[in-house]
Amino acid sequence: MKPTVTHILCATDLSKHSAYTMRHAASLASATGAKLHMVHAVEPMSDDAKITMQMFMQTSGSSEKAAKARHDHAKAVMAERQKAFWDLVSEEDNNIRKQVETIELVDGYPAEVILRRAAELKCDLIVIGAHEHGFSQTFLGTVAKRVLRRATMPTLVVPYRETDPG
């Protein structure tokens with residue numbers, strides 16, 4: 001039988017707990033031989049935030065510099081999280097890293113970014129982490145719920161863990 005999972009999209013929120021979700025995505029990539037795509041959505045600033053920036057940043061270009069700094073900060077955090085994750089992967093499993101095809105920061109609303117990139121990359125599986133609040137009415141979080149409702153491919157929601165069990 002031909003492999004059904006050839007491309008996996010792992011959506012990360014860049015929280016310190018996102019390594020647990022990345023572990024599951026990397027494990028699935030290893031087991032299936034699939035390419036792994038990492039994505040983080042940089043949410044647009046709210047209108048209130050934009051107005052506040054305009055009020056307090058009167059010099060020309062200040063708000064653009066602040067927006068770029070925000071994006072650069074997200075990029076630095078993503079690089080830091082990726083490095084920390086791969087530093088903890090055992091030497092025998094380190095070859096999974098070769099299966100990572102893309103690592104992206106994409107501007108936009110998270111659910112839309114995840115669904116759009118999964119379709120554009122022709123992914124067969126989306127791996128996303130659950131919300132931090134545990135198993136309550138909001139255990140999935142808004143982004144995971146929106147992705148699950150609209151996804152056209154299988155989606156794995158990794159439960160939140162306060163500590164990584166392994």
Side-chain angles (χ1 to χ4, degrees), residues 3-45 64-134 139-148 150-151 153-166:
T4 58
V5 178
T6 58
H7 289 268
I8 299 170
L9 181 81
C10 179
T12 178
D13 63 0
L14 300 183
S15 69
K16 63 181 179 178
H17 305 292
S18 61
Y20 189 61
T21 301
M22 288 171 32
R23 174 185 291 192
H24 283 280
S27 176
L28 287 166
S30 176
T32 62
K35 295 291 183 185
L36 187 56
H37 303 273
M38 307 295 295
V39 68
H40 171 71
V42 180
E43 277 195 67
M45 283 190 278
E64 289 84 13
K65 286 179 187 174
K68 184 182 179 324
R70 181 175 176 256
H71 201 273
D72 290 345
H73 175 71
K75 190 181 285 187
V77 171
M78 188 162 194
E80 173 189 310
R81 296 284 190 255
Q82 288 287 316
K83 182 182 179 330
F85 173 76
W86 291 110
D87 285 350
L88 294 175
V89 171
S90 69
E91 196 169 312
E92 67 185 44
D93 290 334
N94 210 15
N95 61 344
I96 300 167
R97 193 174 195 166
K98 294 175 187 167
Q99 291 173 247
V100 176
E101 194 154 285
T102 60
I103 300 173
E104 301 177 294
L105 269 95
V106 180
D107 291 315
Y109 295 101
E112 284 77 20
V113 166
I114 293 164
L115 293 165
R116 185 180 75 243
R117 290 305 293 147
E120 290 169 353
L121 295 165
K122 296 179 179 24
C123 291
D124 311 294
L125 177 67
I126 296 171
V127 179
I128 189 170
H131 199 266
E132 288 186 22
H133 296 297
F139 83 99
L140 286 179
T142 306
V143 174
K145 284 179 188 177
R146 288 180 180 159
V147 169
L148 281 172
R150 296 177 34 212
M153 72 271 315
T155 302
L156 172 66
V157 179
V158 179
Y160 170 81
R161 298 275 190 198
E162 184 61 40
T163 58
D164 189 344

On a heavy-atom basis, which atom in [X] and which in [Y] lie closest, and how many Å separate them?
X	Y	value
Cys123	Met153	O-CE, 3.7 Å
Leu36	Ala25	CD1-CB, 3.9 Å
Met78	Ile103	CE-CG2, 3.6 Å
Ala74	Leu14	O-CD1, 3.6 Å
Gln99	Ala29	NE2-O, 2.7 Å
Ala11	Thr21	O-CG2, 4.3 Å

Separation of [Y] [atom2] from [X] [atom1] (nearest 0.5 Å):
X	Y	atom1	atom2	result
Glu43	Asp107	CD	CG	11.0 Å
Lys75	Arg70	NZ	CZ	14.0 Å
Leu148	Ile128	CG	CD1	7.5 Å

Given [X], which of [options] fulfils the side-chain contact (heavy atoms from CB on, under 4.5 Å) condition?
X	options	answer
Leu28	Val5, Val127, Ile96	Val127
Val147	Ile126, Thr142, Leu9	Ile126
Val143	Ile114, Asp13, Val113	Ile114

I'd like to know whether Glu104 forms a side chain to side chain contact (heavy atoms under 4.5 Å, CB included) with Arg117, so could you lay out the CA-CA distance, the side-chain angles of the two residues, the decisive distance to 0.1 Å, and finally the verdict.
CA-CA 10 Å; Glu104 301 177 294; Arg117 290 305 293 147; 2.9 Å; yes
Between Glu112 and Arg146, does any NZ, NE, NH1 or NH2 come within less than 4.0 Å of an OD or OE carboxylate oxygen?
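Not counted as a salt bridge, because no side-chain N and carboxylate O are separated by less than 4.0 Å.
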Would you indicate whether His73, at its atom NE2, is surrounded by more than 12 heavy atoms from other residues, nucleotides or ligands within a distance under 6.0 Å?
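No, because the 6.0 Å sphere around NE2 of His73 holds 12 heavy atoms or fewer from other groups.
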Beyond-backbone contact of Val100 with Trp86, side-chain heavy atoms, under 4.5 angstrom
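The answer is yes, as the side chains (C-beta and beyond) meet within the 4.5 Å cut-off.
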Any donor-acceptor N or O pair under 3.5 Å, side chains His40, Thr12:
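Side-chain D/A pair, His40 to Thr12: absent.
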Yes or no on salt bridge (charged side-chain N to carboxylate O under 4.0 Å, His left out) for Glu80 and Lys83, after CA distance, side-chain angles and deciding distance?
CA-CA 5 Å; Glu80 173 189 310; Lys83 182 182 179 330; over 6 Å; no
Show your reasoning for whether side chain to side chain contact (heavy atoms under 4.5 Å, CB included) applies to His37 and Thr102.
CA-CA 5 Å; His37 303 273; Thr102 60; 2.8 Å; yes
